[in-house]
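Encoded as structure tokens, the structure appears first; notes follow it.
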Number of protein chains: 2
Amino acid sequence: MTEPTQTDDAGTTPATSARFSQARAAQSMAVLEDYAEMIDDLTAEMGEARITDIAARMGVTHPTATKAVARLKREGLANSRPYRGVFLTEAGAALAARVRARHRVVVDLLVAVGVPSETAELDAEGLEHHVSEVTLRAFEAFLDETRSGSAA
Amino acid sequence: MTEPTQTDDAGTTPATSARFSQARAAQSMAVLEDYAEMIDDLTAEMGEARITDIAARMGVTHPTATKAVARLKREGLANSRPYRGVFLTEAGAALAARVRARHRVVVDLLVAVGVPSETAELDAEGLEHHVSEVTLRAFEAFLDETRSGSAA
DNA sequence: CGGAATTTAAAGCCTCGGCTACACTTTTGT
DNA sequence: ACAAAAGTGTAGCCGAGGCTTTAAATTCCG
């Protein structure tokens, strides 16, 4: 946070920098969101989320996964005891659920406007973290309309 | 790059990690793209892009902008001489043009599916960097259809 | 011309997300 | 029961992108 002193004198657009700041902030949550969702998936599928599996699925090495989990713990999203699996806290599970729901909506929206499903899945992975609440609701509304409308 | 050794034994989904890797790769270009576009804007508006202005618009401090410009130069996207403005190379200008076009399409798409325009602008800043070529073309096609179709 | 203000640069530090290498548990299997 | 294998943890390194502080250069005026 702590916006740097912005004189804004070079600005035709007034709040340009705010946009970028926001995009950067969103980015910093992205990784946490992905890990949270992944841990949730693994817990559902295999009963527990082991560091090795998390790492394998995320496409990173074990230490990287460990660090990410440490950050999740620091943020109160997960907890774990040494050599035991990783578990999401209430907050973490809620986050995972929200992320998953959002992901689905984004993929559906992409498909609805004509993006091939594999591409939609691929792109959604990057896109989803930058979809605001407002946009998400707009997507949902659009999907509703489309589904009933094009049912004809 | 250099995908870590992935045994994939924890995988129900085969190529899950690839998705994340791709998303991460896209992210690494994002900042460069933003700076390139910004420099292009400033050059157009004010004749040249000065570090101070770039920094102000991006919402970062001058040293940060300097570093970013250094990276752009390293990547062959810009050049600059001390105490002189920053200028994009051919490649840089091409990138900026592509980024700008993509940004516009993304914003238009968002608006087309019902996102309020201010939100669209805001979200597009984060989203655009993760829109693949395929998706971009799908967006364009959708916009074409919509424009002619809903003209009724 | 010379000094003040502005702009740029340089150095040093932080966090984050990667990595490798190495040490230590825990599990597993004979 | 114990040794090998597998899984985890920890330390240390790197690059990227932030920041602040300090120093230098340039520009602008009086």
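Protein chains get the first letters and strands the later ones, always in sequence-line order, with residue 1 at the start of each. Note: hydrogens, waters and symmetry copies are ignored here, and every other heavy atom, side chains too, is used.
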Taking 4.0 Å as the cut-off, does a side-chain nitrogen or oxygen of [X] come that near to OP1 or OP2 on [N]?
X	N	result
B:T52	C:dT8	yes
A:T64	C:dG17	no
B:T61	D:dC19	yes

- prompt: Looking at A:D41, A:L42, A:T64, which hits side-chain contact (heavy atoms from CB on, under 4.5 Å) with A:I54?
  reply: A:L42

Tell me the interatomic distance from [X], atom [atom1], to [N], atom [atom2], rounded to whole angstroms.
X	N	atom1	atom2	answer
A:R50	D:dA6	CZ	C1'	9 Å
B:I51	C:dA10	CD1	P	11 Å
A:R24	C:dG17	CZ	C1'	18 Å
B:L32	D:dG17	CG	P	6 Å
A:Q27	C:dG18	CD	C1'	14 Å
B:I54	C:dT7	CD1	P	13 Å
B:D53	C:dT8	CG	C1'	13 Å
A:E75	C:dT15	CD	P	13 Å

message: Can you tell me how far apart NE2 (A:H130) and CG (B:D123) are? Round to the nearest 0.5 Å.
response: 9.5 Å

field: Apart from B:L109 itself, residues in the same hydrophobic cluster as defined by side-chain heavy atoms under 4.5 Å
entry: A:V105, A:V106, A:L109, A:L110, A:V113, A:V115, A:L127, A:V131, A:L136, A:F139, A:F142, A:L143, B:V105, B:V106, B:L110, B:V113, B:V115, B:L127, B:V131, B:L136, B:F139, B:F142, B:L143

message: Give me the atom names and distance for the closest heavy-atom approach of B:A56 to A:S17.
response: O-CB, 3.6 Å

query: 5'-most contact on DNA chain C: A:Y83 or A:R74, nearest heavy atom basis?
result: A:R74

- prompt: If you find the nucleotide of DNA chain C closest to B:R84 and the one closest to A:P82, which residue's nucleotide is nearer the 5' end?
  reply: B:R84

Quick check for you: among [options], whose closest atom lies nearest to any side-chain atom of [X]?
X	options	answer
A:K67	D:dC19, D:dG12, D:dG17	D:dG12
B:R71	C:dA9, D:dG17, C:dG18	D:dG17
A:T66	D:dG17, D:dG9, C:dA11	D:dG9

query: What is the nucleic acid contact for A:Y35, judged by heavy atoms within less than 4.0 Å: base, sugar-phosphate only, or nothing?
result: sugar-phosphate

statement: side-chain hydrogen bond (donor to acceptor under 3.5 Å, both in side chains) test vs B:E33 passes for just one of B:R98, B:R102, B:R100, namely B:R102

